[in-house]
Trainee: 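Handing you this structure, nothing more for now.
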Amino acid sequence: MTHPEDGQVPPEGAGAAQQPDQQETLAVPLVSLRPALEAVLMVADQPLDRMTLATAVGHPVEEVDAALHALAAEYTEQGRGFELRHVAGGWRFYTREEYAFVVEAFVLEGQQARLTQAALETLAVVAYKQPISRARVSAIRGVNVDGVMRTLLSRGLVEEAGRDETTGAHLYGTTSYFLERIGVTSLDDLPELAPYLPDMDDFDDELAAAAGQSALPSEPQAAEVQESTETTAAEAAHHSPHSGAGTEPDAGTEIG
């Protein structure tokens with residue numbers, strides 16, 4: 001085919017030779033600029049500079065820069081709970097300052113309340129002897145564990161796992177969240193501790209005796225033998241609304 005201006009025939013394949021250069025300039029398929037920027041910024045764990053963003057979304061740096069400023073102004077105008085902020089040479093989403101207290105309350109909820117030694121002991125019994133009833137946990141620990149079991153349930157570490165066919169009592173086991181928190185993938189990965197725990201048959205007499213009593217000894221009585229003076233004092237300072245005779249003193253939490 002002859003060029004209309006100079007009458008020269010272009011070298012064979014010349015048009016195809018330019019295509020790779022165009023593909024290298026645009027590394028990703030062309031997408032809508034603003035949504036693409038929002039998608040990338042949403043997963044960013046540090047500020048991203050405009051060059052990095054331009055490469056990610058496949059748009060010229062100047063267009064990306066203008067779009068970033070426009071998005072930041074738009075979020076402010078709309079009164080969003082977040083803002084797009086330019087800091088440390090890059091762009092990143094941040095919670096708007098006036099809503100920081102809401103985020104703080106959400107993030108810190110329950111994080112300052114650590115499990116007490118009593119709660120950890122109860123959780124260990126459930127983990128190694130599940131499915132297990134509250135009565136059997138109480139028999140192993142020698143105290144009434146109703147309060148601390150409520151705490152473990154509310155924290156998502158323990159859940160109901162059916163009923164005992166003989167007594168009809170609720171059975172409990174650990175949750176997937178429990179495995180996540182201790183960093184294992186299954187109960188099979190727990191350390192070999194179960195052989196050192198007493199057998200359930202050893203507690204038949206205790207269970208029978210407990211059935212005829214109003215409650216087992218309270219945690220403060222057991223604490224005199226099992227826990228240090230410092231731990232006991234810390235637990236006594238943080239009673240829960242569920243505290244009382246025959247229950248764990250603070251439903252199994254400490255305020256850090």
Trainee: Testing the basics here: between Gly79 and Tyr99, what is the closest heavy-atom pair and its distance to 0.1 Å?
Mentor: O-OH, 4.5 Å
Trainee: For the residue pair Gly173 and Ala161, what are the closest heavy atoms and their distance?
Mentor: N-CB, 4.0 Å
Trainee: Going by side chain to side chain donor-acceptor pair (under 3.5 Å), name the pairs with one or both residues in residues 84-93, residues two or more places apart or in two chains.
Mentor: Glu83-Arg85
Trainee: Would you say the ring centroid of Phe82 lies under 6.0 angstrom from that of Tyr94?
Mentor: no
Trainee: Can you confirm whether Pro47 sits close enough to Phe93 that some side-chain heavy atom of one is under 4.5 Å from a side-chain heavy atom of the other?
Mentor: no
Trainee: Donor-acceptor pair, Ser154 side chain versus Thr151 backbone, under 3.5 Å?
Mentor: yes
Trainee: Rounded to the nearest 0.5 Å, what's the gap from OG1 on Thr52 to CD on Gln46? Could you check?
Mentor: 9.0 Å
Trainee: Report the distance from atom OG of Ser138 to atom CG of Asn144, rounding to the nearest 0.5 Å.
Mentor: 5.0 Å
Trainee: Do Ile182 and Tyr177 belong together in a cluster built from hydrophobic side chains that touch within less than 4.5 Å?
Mentor: yes
Trainee: To check you understand the geometry: which heavy-atom pair defines the closest contact between Ala56 and Val40, and what is its length?
Mentor: CB-CG2, 4.3 Å
Trainee: If I compare all heavy atoms of His69 with all of Asp65, which pair ends up nearest, and what's the gap?
Mentor: ND1-O, 2.9 Å
Trainee: Check whether Leu71 and Val61 end up in the same hydrophobic cluster, where Ile, Leu, Val, Met, Phe, Trp and Tyr are linked by side-chain heavy atoms less than 4.5 Å apart.
Mentor: no
Trainee: Quick check on Glu98: does its CD atom have over 12 non-hydrogen neighbours (other residues, nucleotides or ligands) under 6.0 Å away?
Mentor: yes
Trainee: In this structure, would Leu84 and Met42 fall into the same cluster of hydrophobic residues linked by side-chain contacts under 4.5 Å?
Mentor: yes
Trainee: Please check if the side chain of Thr175 supplies one atom and the backbone of Glu159 the other of a donor-acceptor pair under 3.5 Å.
Mentor: no
Trainee: Do Leu190 and Leu120 sit in one hydrophobic cluster, given that two such residues count as connected whenever their side-chain heavy atoms are within less than 4.5 Å of each other, even indirectly?
Mentor: yes
Trainee: Give a yes or no on whether the backbone of Ala169 and the side-chain of Arg163 come within a donor-acceptor separation of less than 3.5 Å.
Mentor: no
Trainee: Looking at side-chain heavy atoms only, is the closest gap between Leu187 and Gln130 below 4.5 Å?
Mentor: yes
Trainee: Check each of Ile140, Thr174, Leu157, Val145 against Val126 using the side chain to side chain contact (heavy atoms under 4.5 Å, CB included) test, and report the only one that passes.
Mentor: Thr174
Trainee: Please check if atom CD in Gln78 has more than 12 non-hydrogen atoms from other residues, nucleotides or ligands closer than 6.0 Å.
Mentor: yes
Trainee: Go through the structure and list residues passing salt bridge (charged side-chain N to carboxylate O under 4.0 Å, His left out) with Asp49, not counting sequence neighbours.
Mentor: none
Trainee: Is there a side-chain contact between Leu152 and Met149, using heavy atoms and a 4.5 Å cut-off?
Mentor: yes
Trainee: State whether a side-chain donor-acceptor pair under 3.5 Å links Arg134 with His170.
Mentor: no
Trainee: Between Glu62 and Arg50, does at least one N-O distance fall below 4.0 Å, as a salt bridge requires?
Mentor: no
Trainee: About how many Å separate CG of Leu53 and CG of Leu48, when rounded to the nearest 0.5 Å?
Mentor: 5.0 Å
Trainee: Would a distance-only check, ignoring hydrogens and angles, find a side-chain to backbone donor-acceptor pair under 3.5 Å from Glu121 to Ala118?
Mentor: no
Trainee: Would Leu153 end up clustered with Leu171 when hydrophobic side chains under 4.5 Å apart are linked, directly or stepwise?
Mentor: no
Trainee: Could you tell me whether a side-chain N or O of Ser32 sits under 3.5 Å from a main-chain N or O of Pro35, the two making a donor and an acceptor?
Mentor: no
Trainee: Are Lys129 and Ile132 side-chain neighbours, meaning at least one heavy-atom pair lies under 4.5 Å?
Mentor: yes
